[in-house]
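Since the structure comes first, as structure tokens, the remarks are kept for the end.
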Number of protein chains: 4
Amino acid sequence: MRDVEPSTPEPRRRRANGDESRQKILAAATAIAGERGYDGTSIALVSERSGLPASSIYWHFKDKDALLAAVIDRSWVEWVAGMSTPVQIEEGASRLEIMRALMRRTGRALLESPDFLRLGLMLTLERRPDEPAARTAFLHTRGETFDQMVASYAEHFADLDEAGARELATFTMAMADGLFVAREIRGDDMDLVQHFETLAVAVLAVADDLAARTPSRTRV
Amino acid sequence: MRDVEPSTPEPRRRRANGDESRQKILAAATAIAGERGYDGTSIALVSERSGLPASSIYWHFKDKDALLAAVIDRSWVEWVAGMSTPVQIEEGASRLEIMRALMRRTGRALLESPDFLRLGLMLTLERRPDEPAARTAFLHTRGETFDQMVASYAEHFADLDEAGARELATFTMAMADGLFVAREIRGDDMDLVQHFETLAVAVLAVADDLAARTPSRTRV
Amino acid sequence: MRDVEPSTPEPRRRRANGDESRQKILAAATAIAGERGYDGTSIALVSERSGLPASSIYWHFKDKDALLAAVIDRSWVEWVAGMSTPVQIEEGASRLEIMRALMRRTGRALLESPDFLRLGLMLTLERRPDEPAARTAFLHTRGETFDQMVASYAEHFADLDEAGARELATFTMAMADGLFVAREIRGDDMDLVQHFETLAVAVLAVADDLAARTPSRTRV
Amino acid sequence: MRDVEPSTPEPRRRRANGDESRQKILAAATAIAGERGYDGTSIALVSERSGLPASSIYWHFKDKDALLAAVIDRSWVEWVAGMSTPVQIEEGASRLEIMRALMRRTGRALLESPDFLRLGLMLTLERRPDEPAARTAFLHTRGETFDQMVASYAEHFADLDEAGARELATFTMAMADGLFVAREIRGDDMDLVQHFETLAVAVLAVADDLAARTPSRTRV
DNA sequence: AATGAATGAGGATTCATTCAT
DNA sequence: AATGAATGAATCCTCATTCAT
């Protein structure tokens with residue numbers, strides 16, 4: 001994947017390039033896990049798709065669980081990158097316009113790197129008794145995203161207290177998850193980004209509802 | 001394995017025992033599938049938990065796929081029963097109050113029989129290449145629920161056309177799915193019913209937004 | 001292995017004969033374990049030698065550990081059978097002659113069915129952290145033999161108390177184990193039975209030594 | 001891995017570090033082999049316990065077999081050291097007292113460095129088809145000990161011919177092996193040294209028995 | 001004097017499924 | 001209406017060993 005050196009076309013090489021192999025394995029595993037879930041991601045398949053023998057996979061990752069945890073991490077990094085594009089907000093934009101811009105970005109990021117959420121949701125639902133590291137990794141990173149959202153809400157919605165902000169974040173994530181699932185079912189004929197934009201009004205409505213229930217913080 | 005008394009043949013029972021076994025298998029499979037998903041539901045586990053040998057499972061069901069499709073059906077019936085409790089709506093209730101009552105019922109039904117949705121979502125996300133009958137069964141029954149919701153929305157929201165009603169149903173289901181997932185993550189310390197009630201304002205907000213975009217149907 | 005019925009040369013047969021298969025597996029496993037020890041007894045080897053696929057072995061035995069525990073049991077039964085031949089003791093035989101006859105029988109039994117002790121000693125020495133069931137089975141059955149020997153000594157050696165009898169049994173077993181090991185090293189050119197006979201004088205000498213140390217039980 | 005200071009080069013050390021690694025590997029391998037036998041001593045485990053990569057083990061030893069042969073050698077050296085403490089024998093000590101002192105020393109040496117015998121016996125019993133070098137090494141060194149014992153017996157027991165001395169040595173080693181095994185089974189609550197002392201009377205009894213059978217060598 | 005990376009063979013075990021009874 | 005027994009393919013993972021650096 002890394003661009004090959006232009007001159008002297010592979011004279012040596014072939015033995016020992018740790019990081020490259022690791023990346024190949026991760027790439028294969030990410031693709032497969034995104035398609036078939038935890039159980040469906042067999043080491044044999046990853047081996048075949050990455051071109052490395054199964055035993056080499058075990059050199060790079062302790063076991064299947066650790067591999068899938070790394071997959072979660074990797075796809076999370078990708079997704080976070082997508083979420084880092086600055087949001088274009090015009091001077092004097094309304095609350096709704098701001099919200100809409102934010103949701104649009106989320107939808108786009110999800111469209112571009114859906115592996116994180118898809119695999120994560122699968123792991124979340126399949127509550128297998130042994131709590132794989134991969135699941136823990138997902139919940140951890142998801143928790144970070146949640147915290148950021150809470151902080152952002154607490155800052156922008158003056159009439160929400162901490163608990164209210166948390167509630168609003170819960171709803172936002174839930175709605176995002178739900179739309180994502182809907183798109184997984186319906187496939188390409190559903191415009192995910194546009195639906196995310198529509199979600200903005202829903203979030204604001206919930207915010208107002210929560211604020212009305214907040215025991216009048218700064219209200220005199 | 002059942003002890004067989006030599007004399008005095010039991011008057012009733014003993015016949016139609018086939019169905020009893022079938023139910024035992026289904027019950028075990030439902031529980032396991034709810035916990036561990038499609039792959040995690042091994043025939044050996046179902047056999048162990050139901051107390052019947054694996055070969056008996058194959059007497060009752062063509063294969064694992066058919067068994068899981070039956071599980072989906074069974075859990076759907078359960079869930080539909082929960083959704084059939086009549087909604088108590090007072091005379092002259094507001095749009096919001098009606099919506100809230102409906103959402104409350106949904107939340108409750110999900111709380112009581114979560115297997116259908118949990119297993120269904122898992123099947124949905126695990127897009128295995130062979131499209132198991134179980135997944136199809138889920139999407140089919142889910143589609144029916146969707147159609148009913150569309151019909152209901154088309155009737156109650158005069159300013160929404162057919163397409164609008166479908167959109168609104170899409171959002172409603174998405175939000176429900178999302179909250180359900182959130183509760184799966186958070187566990188018992190999240191009051192699912194109350195969150196579903198709050199969702200009512202979100203749904204109405206989206207309805208209004210969609211109506212505003214509708215090319216003025218019966219508007220005078 | 002069981003002699004086949006003389007008439008009607010295998011018309012049906014082939015499917016399902018549980019016990020026969022179990023015996024085939026056990027026989028193969030016993031032979032291999034006797035040759036190569038716990039680790040050396042791979043399921044693949046047992047499968048090959050017994051003619052049944054590996055998965056069938058798992059139908060009959062929970063896992064490798066259970067299989068080897070069964071092997072221990074089986075070889076113990078064999079060995080106990082060898083130890084059950086009545087000892088020919090002439091009227092008015094001396095203590096030494098009696099002891100010699102007993103040791104001779106032990107040597108013979110060990111010569112005919114050495115698997116129990118060989119495998120058992122291997123398991124005993126290899127104190128692997130997980131304490132396999134096979135090891136436990138060996139120690140258990142060995143314990144039974146020990147108890148019988150103690151009872152026998154307590155009865156025949158009037159000047160030994162219970163503790164003394166236990167000590168004597170300990171020495172007897174130790175010497176027997178040791179000679180067995182020696183024969184494993186030296187192979188056929190060592191006459192095990194004759195060596196066991198010689199052991200008789202050693203046992204008696206120890207018995208006397210222990211008795212001398214016993215705090216004069218019935219001694220007036 | 002060791003931190004390399006940029007300036008002020010350490011005066012001593014740093015060279016001949018190869019031997020240090022070798023010792024680390026040997027120490028780890030000895031410990032593991034004593035616990036788990038030949039098969040149980042995996043290169044990976046030795047690598048982990050010694051802190052050196054597996055490939056380094058292959059730098060120091062040709063293969064696993066050579067490593068375990070070295071382990072045998074090493075533990076033999078240790079054991080021989082224990083056996084070299086001079087035996088304190090008083091002027092005019094009886095045959096029994098001399099024997100007892102010798103056995104006591106043996107018991108002590110075995111208690112302090114049991115690895116040699118434990119591993120050796122395991123290798124002896126596990127008669128794997130390929131006859132590993134480790135097994136050969138054990139039998140060789142054990143043979144040396146045997147020869148010394150024969151020489152000693154031939155010298156001290158005037159009424160035993162060469163064959164008789166060999167027989168007596170065989171019995172002595174067998175009894176020692178047997179007691180050692182007993183102690184492996186019973187653990188710390190068995191006083192190995194005291195049991196070895198008691199063995200003295202058994203050895204002498206056998207010696208007399210053998211002598212009686214010897215065709216009157218120097219007997220006048 | 002060492003080691004990171006790789007690798008094929010084989011380890012135990014579970015899988016869904018079948019079939020004779 | 002059921003089930004004991006069997007089975008081939010697949011599962012994850014560990015093995016001893018090698019080799020380029």
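Protein chains get the first letters and strands the later ones, always in sequence-line order, with residue 1 at the start of each.
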Closest to the A:Pro53 side chain, choosing from E:dT3, F:dA6, E:dG8: E:dG8
Of all the nucleotides listed (F:dC13, E:dC15, F:dA16), which has the minimum atom distance to the side chain of D:Tyr58? F:dA16
Do D:Phe61 and D:Ile25 have side chains that approach each other closer than 4.5 Å (heavy atoms only, starting at C-beta)? yes
Residue-level proximity of residues 59-72 of chain C to DNA chain E when a heavy atom falls under 4.0 Å: C:Asp63, C:Lys64
Identify, with sequence neighbours excluded, every residue that meets side chain to side chain contact (heavy atoms under 4.5 Å, CB included) alongside C:Ala137. C:Ala69, C:Ile72, C:Asp73
Can you name the side chain to side chain contact (heavy atoms under 4.5 Å, CB included) partners of D:Ala27, sequence neighbours left out? D:Arg74
In whole angstrom, what separates D:Leu52's CG from E:dG4's C1'? 13 Å
Requiring both pairing distances under 3.5 angstrom, list the stems that contain DNA chain F and are made of three or more consecutive Watson-Crick or G-U pairs. E:2-21 with F:2-21
With sequence neighbours left out, the residues meeting side chain to side chain donor-acceptor pair (under 3.5 Å) with D:Tyr38 are D:Asp65
Who pairs with C:Asp39 by side chain to side chain donor-acceptor pair (under 3.5 Å), at least two apart in sequence or on another chain? C:Arg128
Short of 4.0 Å, heavy atom to strand atom, which residues of residues 29-45 of chain B count as contacting DNA chain F? none
How would you list, by chain and number, every residue that makes a salt bridge (charged side-chain N to carboxylate O under 4.0 Å, His left out) with D:Arg118, sequence neighbours excluded? D:Asp115, D:Glu184
Atom pairs and distances, donor-acceptor, side-chain atoms in residues 41-48 of chain B, under 3.5 Å, two or more places apart:
from, atom 1, to, atom 2, distance (Å)
B:Thr41, OG1, B:Gly37, O, 2.6
B:Ser42, OG, B:Leu45, N, 3.1
B:Ser47, OG, B:Leu52, O, 2.8

